[in-house]
Every structure is written in structure tokens, then in C-alpha cells.
**Student:** 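The structure's right below; bear with me while I get my questions together.
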Amino acid sequence: MDYVSALLPPVVMAVFFGGLIVTIVKTQGGANKAKEDAAVDAAITRAEGVQQARQP
């Protein structure tokens with residue numbers, strides 16, 4: 001029975017990690033890609049604007 005308690009944590013972590021990878025791959029691209037790209041572009045533009053405003 002000790003072998004079950006020794007193997008359970010690595011097996012649980014492996015299953016969790018596999019699920020995480022599958023989720024990441026499935027959410028890349030698709031219908032939300034344009035919206036995510038626009039949000040990133042807007043954040044970069046805001047950051048560049050703040051940086052330029054601080055320069056004398």
C-alpha cells in the first residue's frame with residue numbers, strides 16, 4: 001500500500017500538467033485571437049505613450 005501513496009502525487013501532477021498543456025493549446029488562436037492581439041497592442045501603445053511623456 002505504500003507504493004500507492006508514493007506514486008499518487010506524481011501521477012496527479014502529471015495529469016494536471018497534461019490538462020494544462022491541452023488547455024493552453026486549445027485556447028491559442030481561434031475566435032479570441034484578434035481580441036487578444038488588440039488588447040496587447042493597446043497595452044503596448046499605452047506603455048509607449050507613458051514612456052514618451054516622461055522623457056524631457
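Please read all numbers here as calculations on a predicted model, not as lab measurements.
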**Student:** Between side-chain atoms of residues 6-14 and protein atoms elsewhere (two or more places apart, or another chain), which donor-acceptor pairs fall under 3.5 Å?
**Tutor:**
none

**Student:** L20: which other cluster members, linking ILVMFWY side chains closer than 4.5 Å, directly or transitively?
**Tutor:** I24
**Student:** Of all the heavy-atom pairs spanning S5 and D2, show the shortest one and how long it is.
**Tutor:**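 Scanning both residues completely, I find the closest heavy atoms to be OG-O, 2.9 Å.
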**Student:** According to salt bridge (Lys or Arg N to Asp or Glu O under 4.0 Å), does anything in residues 39-48 pair up with another residue at least two apart or in another chain? List the pairs.
**Tutor:**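 Applying salt bridge (Lys or Arg N to Asp or Glu O under 4.0 Å) to every pair that reaches into residues 39-48, excluding sequence neighbours, yields nothing.
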